[in-house]
Amino acid sequence: MPPFAGSNPLSYSFSRNSIDSASNIITIDVGGQLFQTTKQTLKQSGSKSLLSEITNFDIGVIPFIDRDPEIFSILLSLLRTGNLPSKAKTFDIQDLIFESQFYGVEHLLLNSQSNPSQFEPFDLEKSVILPLSGRDSPTAISTTQLGSVQVAHGCKITSFDWSLKRKSTILTQFAGIDSMLSLSPSIVAAGATDFSGLQIIDVSKGFVKETLNWENVTKSGSTVQAIGSSKDFLFTSFESSRRNSNCIMIYDLNDSFRPVAEIGHYEIFGAELDSAIPATKLSWISSHNLLMAAGSHSGPSGVRGNIRFWDIRSGNVVWEIKENVDCFSDCTVSDDLSAILKVGVHSGEVFISDLRNIGGENSWTCLGDQRKVTNGKKEGFGCKIESHGNQVFCSKGGNLELWSEVLIGNSIKDRVFRKNSMGRAKDICGNKITHFSFGGNKMFVTRKDQQYVEVWQSSVRGF
């Protein structure tokens, strides 16, 4: 029997408010079935939706919509509660998407299925495999906040929408893509270490919107080493094709990628190795309005690197960490934890440093086994580390570790973190993890020599 709003017996009693109550109730005929709800419920769909327009109909007029009544009942339940009812699982998600687009409520469906607040780090498990076309393994991966994902593999970029049901692949001018950042579900910034220029690509239509270059002193090409962004700016780490200079360019995202500033411009002279290290990771720290730029170099004397924090308004470095003992294999920054984190290339252990100490003497605190710091075995080579919310994820070979703070003190040394292994037995011990990223309520993982992307979701929330 079709659902009806106003099941409260008092709504059927005769009172002085009966006329007002009746004028608030809307009857809709969908595919021959009558549905009753309130104007307030329909207005939850948004001012531009078809259902919101129905609230402007004259009293007594019953609009007819020639669509599937069963799916409409599910979308109506979504409007009422903000969540999909359990019976929605009997329908293909693509059918729900098509109908939600017709009524103009896809944003509500998306929010119910890909809301970042539904991300449950302790309950993630591998749930879906996204196959890629061709024989190339992923070289870069990028996600949007709403859960869509773009994957670079060989000269191609494959995009999956937030439902992971719609897939498209385009060819690019690159032989291989090393850096990629999603600017929207349909626009990505992509670059390579052996191909000049940063390309802004419309992956939905398959064409290059813009090509951004750095005009270096030697007039050679400018290859891309890393890409990052804030709400207003796009950051790109460039290195000259001759590898004798590097810089970070800042572009305005709100003004057609207009160049705003150039910071960190280094020319290499003689054996000055520090200036030879371009930034290979860029992360915006919104709480401090600073840009973290990190890079490392492997040479005869071992692995050395630096982590610099730039004030993009003045173009000055406000803090620098020089890595000499157990240089980072990868590093990240967390606003939620107010900390910088790294995984040591020698020890493979996770370290943390307090962002509240910016400008002071750096002090890394090892969260694992401090004895491994100087073992020289490069146990952390190729390990990746990322923060998401107040959690820290670190790859170790084919496995993932989850570090969580369990006690907060007044200083970084008072903090206690606990390590948890992730996934079920069948999820772990696969090929080495090469990339992982977060979007919506999902985590996306790629592995060496594999032509697919793993999707990790909560075992209790997936549709």
Side-chain angles (χ1 to χ4, degrees), residues 114 119 121 124-145 147-172 174-182 185 188-193 201 203 224-228 280-281 283 329-332 343 380-388 391-402 421-424 426-457 462:
S114 301
F119 185 83
L124 294 178
E125 57 186 39
K126 186 166 61 178
S127 60
V128 178
I129 295 294
L130 303 178
L132 303 173
S133 305
R135 300 179 180 180
D136 299 299
S137 300
T139 55
I141 184 172
S142 187
T143 56
T144 68
Q145 186 178 10
S148 58
V149 58
Q150 285 89 27
V151 187
H153 50 114
C155 61
K156 302 177 289 292
I157 297 177
T158 295
S159 303
F160 298 87
D161 75 332
W162 67 267
S163 71
L164 307 181
K165 298 296 184 180
R166 286 178 285 183
K167 169 186 172 183
S168 62
T169 300
I170 65 166
L171 294 175
T172 71
F174 301 102
I177 297 171
D178 300 298
S179 302
M180 187 169 66
L181 179 70
S182 298
V188 301
T193 58
I201 304 173
V203 293
V224 174
Q225 305 296 313
I227 312 171
T280 54
K281 188 157 191 177
S283 299
S329 172
D330 193 19
C331 62
T332 190
V343 53
F381 183 77
C383 292
K384 301 292 183 181
I385 189 168
E386 295 290 348
S387 65
H388 187 63
Q391 308 292 334
V392 180
F393 298 78
C394 182
S395 70
K396 296 291 182 68
N399 300 331
L400 277 169
E401 295 176 352
L402 171 62
S421 296
M422 295 188 61
R424 301 161 295 186
K426 64 180 181 179
D427 295 336
I428 62 177
C429 299
N431 288 11
K432 183 177 181 179
I433 293 173
T434 53
H435 305 89
F436 60 95
S437 186
F438 305 90
N441 57 1
K442 307 175 184 67
M443 177 175 69
F444 300 89
V445 177
T446 65
R447 298 180 185 269
K448 184 179 180 180
D449 300 327
Q450 300 289 358
Q451 292 77 46
Y452 57 77
V453 179
E454 298 174 4
V455 181
W456 289 55
Q457 290 179 270

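In this chain, residues are counted from 1 in sequence order.
Between the side chain of Ser329 and the main chain of Cys383, a donor-acceptor pair closer than 3.5 Å is present. A distance-only check finds a donor-acceptor pair linking the side chain of Thr434 to the backbone of Thr446 [under 3.5 Å]. No donor-acceptor pair closer than 3.5 Å links the side chain of Thr143 to the backbone N or O of Val149. With Gln150 contributing its side chain and Pro185 its backbone, the two residues share a donor-acceptor pair below 3.5 Å.
Looking at Leu402 and Val392, their side chains never come closer than 4.5 Å, going by heavy atoms from C-beta outward. Using a 4.5 Å cut-off on side-chain heavy atoms (C-beta onward), His388 and Phe393 make contact. Using a 4.5 Å heavy-atom threshold, the side chains of Ile433 and Val445 count as touching.
Between Phe438 and Phe119, the ring planes are perpendicular. Angles over 60° get that label, and only those under 30° would be called parallel.
Partners of Thr139 according to the side chain to side chain contact (heavy atoms under 4.5 Å, CB included) rule, which considers only residues two or more places apart in sequence or in another chain, are Ala152, Ile177. Take Lys384 and apply the side chain to side chain contact (heavy atoms under 4.5 Å, CB included) test, not counting sequence neighbours, and it matches Asp330, Ser395, Phe436. Evaluation of the side chain to side chain contact (heavy atoms under 4.5 Å, CB included) rule for Ser421 yields no partner, not counting sequence neighbours. Taking Ser142 as the reference, Met180, Leu181, Ser182 meet the side chain to side chain contact (heavy atoms under 4.5 Å, CB included) condition, with sequence neighbours excluded. Contacts of Ser163 classified as side chain to side chain donor-acceptor pair (under 3.5 Å), with partners at least two apart in sequence or in another chain: Asp161. Applying the salt bridge (Lys or Arg N to Asp or Glu O under 4.0 Å) rule to Glu386 yields the partners Lys281; only residues at least two apart in sequence or on another chain are considered.
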Set out, in order, the CA-CA distance, both residues' side-chain angles and the distance that settles side-chain contact (heavy atoms from CB on, under 4.5 Å) for Thr172 and Ile157, then state yes or no. CA-CA 7 Å; Thr172 71; Ile157 297 177; 3.9 Å; yes
Walk me through whether Glu454 and Leu130 qualify under side-chain contact (heavy atoms from CB on, under 4.5 Å). CA-CA 6 Å; Glu454 298 174 4; Leu130 303 178; over 6 Å; no
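Note that CZ of Phe174 is 10.5 Å distant from OG1 of Thr193, once rounded to the nearest 0.5 Å. We find the CD1-CG distance between Ile129 and Leu164 to be 11.5 Å, quoted to the nearest 0.5 Å. With rounding to the nearest 0.5 angstrom, the CZ atom of Arg447 is 7.0 Å from the OH atom of Tyr452. Interatomic distance, OG1 of Thr158 versus CD of Gln451, reported as 12.0 Å (0.5 Å rounding). Taking CG of Asn431 as the start and CD of Gln450 as the end, the distance is 4.5 Å to the nearest 0.5 Å. Rounding to the nearest 0.5 Å places NZ of Lys156 at 8.0 Å from OG1 of Thr169.
For the pair Ala192 and Asp178, the tightest heavy-atom approach, listed with the atom from each and the gap, is CA-OD2, 3.4 Å. Across all non-hydrogen atoms, the minimal contact from Met443 to Leu400 is CE-CD1, 3.5 Å. Counting all heavy atoms, side chain and backbone alike, Val203 lies closest to Ser159 at CG2-OG, 3.5 Å.
Summarising the local packing, NZ of Lys167 is surrounded by more than 12 heavy atoms from other residues, nucleotides or ligands at distances under 6.0 Å.
A side-chain contact (heavy atoms from CB on, under 4.5 Å) with Gln457 is found for exactly one of Lys442, Glu125, Lys126, namely Lys442.
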